[in-house]
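Report on the following structure.
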There are 2 protein chains.
Amino acid sequence: MPQTKKSTLVLVAERAGVSIASVSRVMNGLPASPQVVERVRQAADELGYVPDATARSLKAGKTDQIALAVADVGNPVYVGMMHEISRVVTKAGYRLVISSTGSDPQDQIDLLTGLNRGFADGLILSPLRVTDELGAQLRASRLPIVIIGSLPAGVELDNVRADSVRGIALAVDHLIEQGRQRIAFINGPVDTVPGAARLNGYLRALTEQGRPQNADAQVNASDFTYRAGLKAAAALLDQTTPDAIVCANDLLAVAAMKVISKRGLRIPDDIAIVGMDDTDIADLAQPAITSVDLRSIKRARVAAKLLLRRLENPQAPVEQVVIEPKLVVRASSVKECAEAEL
Amino acid sequence: MPQTKKSTLVLVAERAGVSIASVSRVMNGLPASPQVVERVRQAADELGYVPDATARSLKAGKTDQIALAVADVGNPVYVGMMHEISRVVTKAGYRLVISSTGSDPQDQIDLLTGLNRGFADGLILSPLRVTDELGAQLRASRLPIVIIGSLPAGVELDNVRADSVRGIALAVDHLIEQGRQRIAFINGPVDTVPGAARLNGYLRALTEQGRPQNADAQVNASDFTYRAGLKAAAALLDQTTPDAIVCANDLLAVAAMKVISKRGLRIPDDIAIVGMDDTDIADLAQPAITSVDLRSIKRARVAAKLLLRRLENPQAPVEQVVIEPKLVVRASSVKECAEAEL
DNA sequence: CTGTTAGCGCATTCAA
DNA sequence: TTGAATGCGCTAACAG
C-alpha cells in the first residue's frame with residue numbers, strides 16, 4: 001500500500017518501459033499485446049495509479065457530473081427526490097453535485113452561470129419561485145436542463161411535474177364524500193410555484209363541487225414548514241370553524257393537527273385533515289395522515305431519466321411529463337378508519 | 001443573450017485584440033491597463049464567456065469540490081447534517097458532491113479509490129459500519145478526510161463524534177429521576193458504529209445506576225428505520241413490560257409510540273419514551289418526544305470546518321473533537337409535562 | 001504592463 | 001500493435 005504522492009501516466013509508462021499511449025490503452029481496455037498489458041498492469045498496481053478525473057474531463061469535454069438544485073432543502077419531499085436522483089444517475093456513471101440554492105432567485109441565476117463554467121454536464125432544477133430573469137437564464141443556458149415543477153413562461157425544456165390541481169381535487173372530493181361541509185385550506189406562500197398551483201386547485205375543486213369559496217377558510221403559511229404551519233393553523237381556527245382542512249403539504253398538516261389537539265378538538269371526529277406529498281411523516285403521525293401522493297419519487301426518477309436521455313441525445317425532442325397524483329387514505333380523514341387503524 | 005456554443009480565452013483574446021494572457025489577467029482581477037480591461041470586459045460580455053472550471057482545475061490541481069458520503073440517506077439526521085455541511089463549504093467556495101454509499105462497505109471503498117482520481121479535494125465520511133479494509137483504505141488515501149463518528153482502529157484522521165455513551169446516560173438518568181423502574185432499550189443493529197456505541201452506553205448507564213442488566217429488556221431493530229422499529233417494539237412488548245423505553249433514534253421512538261398506543265397503553269403514563277438525535281419529528285410527534293440531542297448539526301459544522309482547515313493547511317495536527325450531547329425533555333417522558341404541554 | 005510559452009494529465013491521431 | 005506528437009482551456013513564469 002504505497003503512500004506515494006501521486007502517479008501519472010508518465011510514471012507508469014517509465015516503470016513499465018512502454019509509451020504513455022500504451023498505458024492509456026491498457027487502462028481503457030483497448031487492444032494491446034498480452035505482454036504490454038501485463039507489464040502496465042503491474043506497474044500501475046505498484047504505483048497505485050488511478051487516472052486523473054480532471055484531466056480526463058478536460059480532454060473528453062465532459063465531467064460525469066450532474067447538478068441538482070432544489071430550493072427548499074429541509075423539506076422531506078426533496079430529500080426523497082434527491083436520494084432517488086442520486087440513485088439513478090450514479091447507476092449511469094454520474095456523480096451528483098448538490099447546489100443548495102436558497103429561496104433567493106439570485107442563487108439560481110448564480111448557479112446557472114456557474115453551470116456554464118462546465119463543472120457539470122447537466123442540471124436538474126426544482127425552482128420554488130420563478131422570475132422572468134430566471135426564465136431568460138434558462139433559455140440562454142447551453143447545457144441540458146430538466147425542470148421539476150412548472151416551467152417559466154416561454155421556456156421550452158424537458159420537464160416533469162405533478163398535476164397538483166388534480167391532487168387537490170382528490171383531497172376535496174374525498175372530504176366531501178366523507179360528508180364534510182366546511183373544507184378549509186392551509187396553503188404555503190402563493191408567490192411560489194407550488195403555492196400558486198395548489199391555491200388554483202383548491203378553488204377549482206370547490207367550484208366543480210358547487211361549493212362556495214369562502215375567504216375565511218383560507219390561510220397562507222409564510223413558508224412550507226412546520227413552524228409556519230402552527231401560526232397559520234391557529235389563525236385559521238381563530239377566524240372560522242371548519243370540519244375539514246386540506247393542507248398544502250404534510251408538514252403543514254402535522255402542524256394543523258397539533259394546534260387542533262391543543263384546542264381540545266378531535267381528529268378526525270371534529271376536523272378531518274388531508275396533507276400533501278405523502279412523506280414518511282404522514283404515515284408516522286398519530287393519527288396517520290391522509291395525504292395526496294404527488295409521486296415525488298417517481299417525478300425524481302423521471303427527471304433523472306429525462307436528463308440522461310438528453311445527455312445521450314442532445315437533439316431529442318423536448319419532453320414534458322405530467323404525473324398523476326393519487327390519494328392515500330389514512331385515519332386522519334375517515335371516522336371508521338381511526339378506530340380500526342392497523 | 002448569445003446562444004453561442006462555447007467560448008474560450010482564445011476567442012475572447014481575438015475579439016479584444018489582445019493576448020490570451022491579458023484576458024486571463026483581467027478575468028482574475030490582476031493588474032492591467034484600463035483600456036485592456038475595458039476591451040476584454042466587452043469582448044467577454046459579447047461572447048458570454050465564462051472560464052472553464054475543468055481546465056482551471058487541471059491547471060490548479062484542485063477541484064473546489066468536497067465529497068460527502070453518508071451511509072444512511074433517508075435518516076433525517078443525515079439530511080440536516082448534509083444541509084449544514086453544504087452551507088459551510090459553499091460559503092468557502094466549494095461545491096458539495098454527494099456520494100450516496102449504501103450500507104455496503106464495498107461502496108465506501110469504491111468511493112475512496114474514486115476519490116484518488118481527484119474529482120474532489122477532500123472527503124467527509126460518516127461510515128455506518130467499519131471494516132478493517134475500510135480502515136486500510138482510509139490510511140492509504142492521499143486526500144484530506146474527516147470522519148464523522150468513531151474512527152476505525154489505528155486510523156489517525158481528523159474526527160468529530162458525539163459522546164453517545166454519555167447521551168444514553170442522560171436518557172437513563174432522566175428516566176430514573178422520573179421514577180421509572182424498568183428501563184428497556186430499543187437499539188439498531190449492534191454491528192454498526194452507532195449501534196455498538198449505544199448498546200455500550202445503555203449497559204454502562206444501568207451499571208452506574210446500580211440497576212441490573214436484563215436481557216429481556218433489550219431488542220435490536222434490523223436497521224434504524226421506522227418500519228424496523230415497529231417490529232422491534234412489538235417484540236419487546238411481547239417479552240417484557242417496561243415502564244420506560246430508550247430508543248436509539250427518533251424514528252425507532254416514533255415506532256415504539258405507535259405500537260404502544262395500539263396496545264392501549266398510554267404515553268408517558270404507562271410507558272415513558274426517550275429518543276435520540278432530536279430531529280424534527282421528535283418535536284412534531286404527539287406527544288412530543290424527549291430526545292437526546294447528539295448535536296448533529298454542530299457535528300456537521302465542525303466536520304466541515306475541520307476539513308476546510310486541513311485543506312488550507314495539510315500539515316495541521318490531527319484534531320479529534322467530541323461533542324457533548326444534551327437532553328431535550330418533552331412530553332413523552334414526563335407526566336406533568338404531558339398535560340401542560342405548550 | 002503585455003505577449004510568448006510551457007505545461008497540468010490524459011486520449012487520440014498519425015506514422016512506423 | 002506501438003510510439004511520438006498534438007491539444008483540451010487555462011495559469012504562471014519569463015521576456016520584452
Side-chain angles (χ1 to χ4, degrees), chain A residues 4-41 43-44 47-65 93 114-121 142-143, chain B residues 4-41 43-44 47-65 93 114-121 142-143:
Chain A
T4 56
K5 296 192 174 181
K6 57 183 171 185
S7 52
T8 73
L9 271 189
V10 179
L11 287 243
V12 177
E14 281 175 359
R15 191 171 238 274
V18 298
S19 74
I20 62 169
S22 290
V23 178
S24 177
R25 288 190 197 99
V26 172
M27 298 308 294
N28 294 33
L30 296 177
S33 72
Q35 316 137 11
V36 171
V37 171
E38 175 52 28
R39 293 169 61 185
V40 169
R41 281 261 143 74
L47 293 173
Y49 170 76
V50 279
D52 181 84
T54 304
R56 191 173 266 186
S57 290
L58 178 59
K59 184 67 184 166
K62 60 193 296 269
T63 59
D64 294 333
Q65 294 190 154
L115 249 205
N116 284 327
R117 299 169 104 89
F119 73 81
D121 299 335
R142 293 183 292 95
L143 295 84
Chain B
T4 56
K5 297 191 175 180
K6 56 184 172 184
S7 52
T8 73
L9 272 189
V10 178
L11 277 277
V12 178
E14 281 176 359
R15 192 171 237 273
V18 299
S19 73
I20 61 169
S22 290
V23 178
S24 176
R25 287 192 197 99
V26 172
M27 299 308 294
N28 295 26
L30 297 177
S33 72
Q35 316 136 14
V36 170
V37 172
E38 175 53 26
R39 294 168 61 185
V40 169
R41 280 262 143 74
L47 293 174
Y49 169 76
V50 279
D52 181 82
T54 304
R56 194 174 261 186
S57 289
L58 178 59
K59 182 65 184 169
K62 61 193 296 271
T63 60
D64 294 333
Q65 295 190 153
L115 249 205
N116 284 327
R117 299 169 108 86
F119 73 81
D121 299 335
R142 292 184 292 93
L143 297 85

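So that the names make sense, note that chain A is the first sequence line, chain B the second, and so on, each numbered from 1. Computed from heavy atoms alone, side chains included, the values below leave out hydrogens, waters and symmetry copies. Bear in mind the structure is a predicted one, so any value in this text is a computation, not a measurement.
If you take NZ on B:Lys6 and CG on B:Leu11, they are separated by 9.5 Å, rounding to the nearest 0.5 Å. Between the CZ atom in B:Arg142 and the CG atom in B:Leu115 there is a gap of 10.0 Å [rounded to 0.5 Å]. Considering CG of B:Leu9 and OH of B:Tyr49, their distance stands at 3.5 Å, rounded to 0.5 Å. Residue A:Arg117 holds its CZ atom at 10.0 Å from OG of B:Ser57, rounded to the nearest 0.5 Å. Put simply, CD1 on A:Ile20 and OG1 on A:Thr8 are 8.5 Å apart, with the number rounded to the nearest 0.5 Å.
Residues passing the side chain to side chain donor-acceptor pair (under 3.5 Å) test with A:Lys59: none are found, sequence neighbours excluded. For the side chain to side chain donor-acceptor pair (under 3.5 Å) test, no residue two or more places apart in sequence or in another chain qualifies with A:Asn116.
In terms of phosphate contacts, A:Ser33 brings a side-chain nitrogen or oxygen within less than 4.0 Å of OP1 or OP2 of D:dT2.
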At under 4.0 Å between heavy atoms, how does the protein contact nucleotides 10-16 of chain D? Give one character per nucleotide, 5' to 3', with B, S or -. BBBB---
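Chain A approaches DNA chain C over the interval C:dG9 to C:dT13, counting the first and last nucleotide 5' to 3' with an atom under 4.0 Å from its heavy atoms.
In terms of heavy atoms, B:Gly114 sits closest to B:Phe119 at O-CD2, 3.4 Å. Here the closest non-hydrogen pair linking A:Ala44 and A:Val12 is N-CG1, 4.0 Å.
Each of B:Gly17 and B:Leu58 was assigned the nucleotide of DNA chain C with the nearest heavy atom; the assignment lying further toward the 5' end belongs to B:Gly17.
Overall, the helix from C:dC1-D:dG16 to C:dA16-D:dT1 carries an axis bend of 50° between its ends, with five pairs at each end and the value rounded to 10°.
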Listed pairs under 3.5 Å, donor-acceptor, residues 24-41 of chain B side chains, sequence neighbours left out:
unit_1	atom_1	unit_2	atom_2	d
B:Ser33	OG	B:Val36	N	3.4
B:Arg39	NE	B:Ala16	O	3.3
B:Arg39	NH2	B:Ala16	O	2.7

